[in-house]
Amino acid sequence: NVRISEVGAEIKSIKLCGHEQMWQGEKESWQRTAPTLFPFCGRLRDGRYRIGDTEYECMPHGFAKDAEFTVVSQNKRCAVLKIAADEETKKIYPFDFEFIVTFTLLRKSITVKYNIKNKGKETMYFSCGSHESYLCDGGMQNYELLFDRRESLENSVVDGNGLISDKTRRITCFSKTLALYEDYLKDDSLVFRNMVSRKVVLRNIRDGRR
């Protein structure tokens with residue numbers, strides 16, 4: 001059972017065997033569940049960027065997370081949502097784009113596919129991604145991450161302005177597992193570069209749910 005909001009094409013709930021999988025948001029912490037990030041992931045220095053001779057301002061993680069998506073199609077197994085460039089988006093992102101998000105259910109899995117179209121002739125710069133937040137019963141210390149390859153993970157430390165700095169901190173050494181601790185949240189985010197894994201699993205170490 002999956003519930004998706006047209007605002008931000010955001011997954012609001014995934015229930016598997018009666019268990020809610022997604023963080024349900026709390027006013028005292030973080031109220032979102034899985035915002036869609038486009039045309040930027042992360043923050044811009046001073047909230048600004050430049051294309052040619054023109055400077056633009058944009059909020060962290062771009063504007064798609066707050067945009068009203070159009071439902072292109074919908075059935076019991078698939079939903080397709082879309083936003084496209086208009087006069088308002090071009091004030092902060094000058095490109096003629098079409099951004100389509102497709103959600104597909106397959107057995108006990110859900111896939112999310114992004115299709116970005118450049119409708120103009122000039123080179124279009126962007127990044128996109130998702131910011132899923134999962135419900136960790138009893139706290140994140142009851143969970144671990146499992147990678148499909150052994151990793152030596154170094155965190156690219158986020159500075160006080162929310163930007164990735166040149167400072168790094170070793171987290172794991174040649175391991176497939178990463179134990180989770182509340183203290184990690186003090187660094188804002190863990191940012192790993194040059195990973196070799198293509199898959200990661202969030203596992204409850206007490207009952208094995210993943």
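No experiment lies behind these values; they were computed from the predicted model shown.
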The side-chain contact (heavy atoms from CB on, under 4.5 Å) partners of Asp207 (sequence neighbours excluded) come to Asn204, Arg209
Contact check, side chains of Met140 and Tyr181, non-hydrogen atoms, under 4.5 Å
no
Here's a test for you: under ring-ring contact (aromatic ring centres under 6.0 Å, His included), which of Tyr56, Phe126, Tyr49, Phe63 qualifies with Phe40?
Tyr49
Do the non-hydrogen side-chain atoms of Val158 and Leu163 ever get within less than 4.5 Å of each other?
no
Say whether, by atom type as modelled, one donor and one acceptor occur between the side chain of Glu10 and the main chain of Thr33 under 3.5 angstrom.
yes
Whether the side chain of His61 engages the backbone of Cys41 through a donor-acceptor N/O pair (distance < 3.5 Å, no angle test) should be reported.
no
Donor-acceptor contact below 3.5 Å, side chain Asp159 vs main chain Asn161
yes
For residues Pro60 and Arg43, report the shortest heavy-atom separation together with the two atoms involved.
CG-NH1, 3.4 Å
Show the nearest heavy-atom pair for residues Cys78 and Thr102, with the distance to one decimal.
SG-CG2, 3.8 Å
Look only at the side chain of Ser152 and the backbone of Phe174, and say whether a donor-acceptor pair between them is shorter than 3.5 Å.
yes
Looking at every non-hydrogen atom in both residues, tell me the closest pair between Glu144 and Thr177 and how far apart they are.
OE1-CB, 4.2 Å
Taking atom CG of Asp166 as the centre, does the number of heavy atoms from other residues, nucleotides or ligands within less than 6.0 Å exceed 12?
no
Do the side chain of Ser165 and the main chain of Val157 share a donor and acceptor less than 3.5 angstrom apart?
yes
Provide the closest heavy-atom pair for Lys65 versus Gly62 in the form atom of the first, atom of the second, distance.
NZ-O, 2.7 Å
Minimum heavy-atom distance Ala9-Phe69, with the two atoms named
N-CD1, 3.5 Å
Side-chain contact, heavy-atom cut-off 4.5 Å: Arg193 with Ile164?
yes
Counting neighbours of CZ on Arg149 that are heavy atoms of other residues, nucleotides or ligands and sit closer than 6.0 Å, is the number greater than 12?
no
Mind listing the closest non-hydrogen atom pair of Glu57 and Ile92 along with its distance?
O-CG2, 3.2 Å
Arg206, CZ atom: more than 12 neighbouring heavy atoms under 6.0 Å
no
Does NZ in Lys12 sit with more than 12 non-hydrogen atoms of other residues, nucleotides or ligands closer than 6.0 Å?
yes
Residue list, side-chain contact (heavy atoms from CB on, under 4.5 Å) with Ala85, at least two apart or on another chain:
Thr89, Lys90, Asp96, Phe97
Residues that Arg210 engages under side-chain contact (heavy atoms from CB on, under 4.5 Å), provided they are two or more places apart
Leu146, Val201, Arg203
Side-chain contact test, heavy atoms from C-beta onward, threshold under 4.5 Å: evaluate it for Ile4 versus Phe103 and give yes or no.
yes
Give the ring-plane orientation class for Phe38 versus Phe99, where under 30° counts as parallel, over 60° as perpendicular and anything between as tilted.
parallel
